[in-house]
**Student:** 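Below you'll find the structure I mean.
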Amino acid sequence: MVIRTLTERMFKHLRKWFVTHLFGRSRQRARLVSKDGRCNIEFGNVDVQSRFIFFVDIWTTVLDLKWRYKMTVFITAFLGSWFLFSLLWYVVAYVHKDLPEFYPPDNHTPCVENVNGMTSAFLFSLETQVTIGYGFRFVTEQCATAIFLLVFQSILGVIINSFMCGAILAKISRPKKRAKTITFSKTAVISKRGGKLCLLIRVANLRKSLLIGGHIYGKLLKTTITPEGETIILDQTNINFVVDTGNENLFFISPLTIYHVIDHHSPFFHMAAETLPQQDFELVVFLDGTVESTSATCQVRTSYVPEEVLWGYRFVPIVSKTKEGKYRVDFHNFGKTVEVETPHCAMCLYNEKDTRARMKRSYDNPNFVLSEVDETVDTQM
C-alpha cells in the first residue's frame with residue numbers, strides 16, 4: 001500500500017513537471033501584469049493632437065522617463081541653454097563692435113570685457129548661468145541690452161536648475177523603488193484553512209520599516225460574453241483577500257499569508273482540481289500602503305495565471321523563535337509548498353458539510369400516525 005502511494009505521487013509530480021516545462025512553454029498565456037508588477041499594455045492609433053497632452057503635463061512626463069532619457073534631457077537642457085546664450089552674447093559683442101576684427105580704439109568700453117570670440121562668449125554664458133563668479137570677464141554698464149540679457153539668463157538658469165534637480169530628486173525618491181522590497185510568492189495555493197477552502201498567497205516586507213495602512217485586494221481578469229453577445233476581453237471581478245485581522249491596516253512586520261475564501265460568491269467556486277489548468281484567467285493582486293520613512297503612498301502588484309495556482313498545497317512555515325527570544329524569518333522557505341489533503345472542489349466540500357448537517361438534524365413526519373394495540377383481546381387457540 002505504501003509503495004503504491006509513493007508510486008502515484010511520483011507519477012503525479014512527473015506529470016506536473018512535463019505539463020509545466022514542455023506544454024507550458026508552447027502555450028504562453030498573455031499577461032496584463034507581469035510578476036514584478038509592470039503592465040503589459042500598449043496604446044495604438046493615438047491622435048497626434050492627443051500626444052501633445054503629454055507636454056502639457058511636462059513634470060509627470062519627465063518623471064516617467066527612463067534614466068537614460070532623463071539624463072539626456074538633463075545634459076541637453078544645460079548645454080543647450082549655455083550654447084544659446086553664448087550666441088546671444090556673441091551677437092551683443094558683434095553689434096557693439098567689441099570683437100577684435102573691428103579694431104576697437106584703446107578708449108573703447110565693451111559691453112562685456114574680454115569676450116573676443118565664440119569660445120569666450122560660451123565661457124561667459126557658462127559662468128553667468130551657473131553663478132561661478134566673474135573675474136576676467138564681466139558685464140559693464142555700457143550696454144542696457146547686455147544688462148537685460150544678464151538678468152534674463154540668471155532667472156532662466158535658476159528655473160532650469162530647480163526643474164531638473166527636482167525631477168532627479170523626485171525620480172530617486174519615488175515610492176516605486178520602495179515597492180521593490182515587497183515580494184509575493186511566485187505561486188498561489190488552494191487548500192483548507194479554518195474548515196474552509198481558500199486560495200492563499202504569501203507576501204513579505206524585506207525592510208524593517210513598516211508599510212503603514214496597508215490594504216490588499218485582488219482583481220480576476222478573464223474574457224466573458226455578455227447576454228447581449230458582447231465579448232469583454234478584460235472583464236474584472238473583485239477578489240477579497242484577508243488575513244485573520246481583516247484586509248486593512250495590516251501589521252506588516254513579518255511575512256503574511258493572505259487568503260480568499262472560496263464560497264458560493266467566489267468565481268473559483270465552480271472550478272475543480274482537474275479543470276483549473278484549463279481555465280483562462282489572470283489573478284492580479286494589489287497591496288497599497290504608505291511608506292513609513294517618506295509618508296509617500298505606493299502600490300505593489302503581481303499576477304497569477306492558472307499554471308501558478310497549486311491545488312492541494314499549503315505554504316511551509318517560515319517564522320520561528322530563537323533561543324535568544326527573537327523571531328526569525330527564514331526566506332529560504334518563503335515560496336516552498338507541501339502537499340496536503342484537500343477537497344477535490346469547493347462544491348464537494350460544501351455538499352459534504354450539508355450532508356453532515358442534515359444527519360445531525362431530525363425532522364417531524366406529519367403523516368406518521370401512532371396506532372395502539374389492545375392487549376385484552378382474547379386470542380383463540
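Below, all heavy atoms of this structure are taken into account, side chains as well, without hydrogens, waters or symmetry copies. Keep in mind that what you see is a predicted model, and the values were worked out from it rather than measured.
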**Student:** Which atom names give the shortest non-hydrogen contact between Val139 and Ala146, and what distance separates them?
**Tutor:** CG1-CB, 4.2 Å

**Student:** In Å and rounded to the nearest 0.5 Å, what is the CD1 to SG distance from Ile160 to Cys165?
**Tutor:** 11.0 Å

**Student:** Take the angle between the ring planes of Phe334 and Phe331 and call it parallel below 30°, perpendicular above 60°, tilted in between.
**Tutor:** tilted

**Student:** Output all residues satisfying salt bridge (Lys or Arg N to Asp or Glu O under 4.0 Å) with Lys35, sequence neighbours left out; order by chain, then residue number.
**Tutor:** Glu308

**Student:** Distance from Tyr94 atom OH to Met118 atom CE, nearest 0.5 Å?
**Tutor:** 14.0 Å

**Student:** ring-ring contact (aromatic ring centres under 6.0 Å, His included) for Phe281 and Phe268? Distances and angles first, verdict last.
**Tutor:** CA-CA 11 Å; Phe281 67 82; Phe268 296 96; 5.6 Å; yes

**Student:** Phe152 vs Phe148 aromatic rings, parallel, tilted or perpendicular, using cut-offs 30° and 60°?
**Tutor:** parallel

**Student:** For the atom pair NZ (Lys171) and CG (Asp64), what is the distance rounded to the nearest 0.5 Å?
**Tutor:** 7.0 Å

**Student:** In terms of ring plane angle, is the pair His96 and His108 parallel, tilted or perpendicular, where the classes change at 30° and 60°?
**Tutor:** tilted

**Student:** How far apart are the closest heavy atoms of Asn333 and Arg202, and which atoms are they?
**Tutor:** O-NH1, 3.5 Å

**Student:** Using modelled atom types only, decide if a donor and an acceptor are shared between the side chain of Thr72 and the backbone of Arg68 within a distance under 3.5 Å.
**Tutor:** yes

**Student:** Looking at CD1 of Ile262 and CG of Leu197, how far apart are the two atoms once the value is rounded to the nearest 0.5 Å?
**Tutor:** 4.5 Å

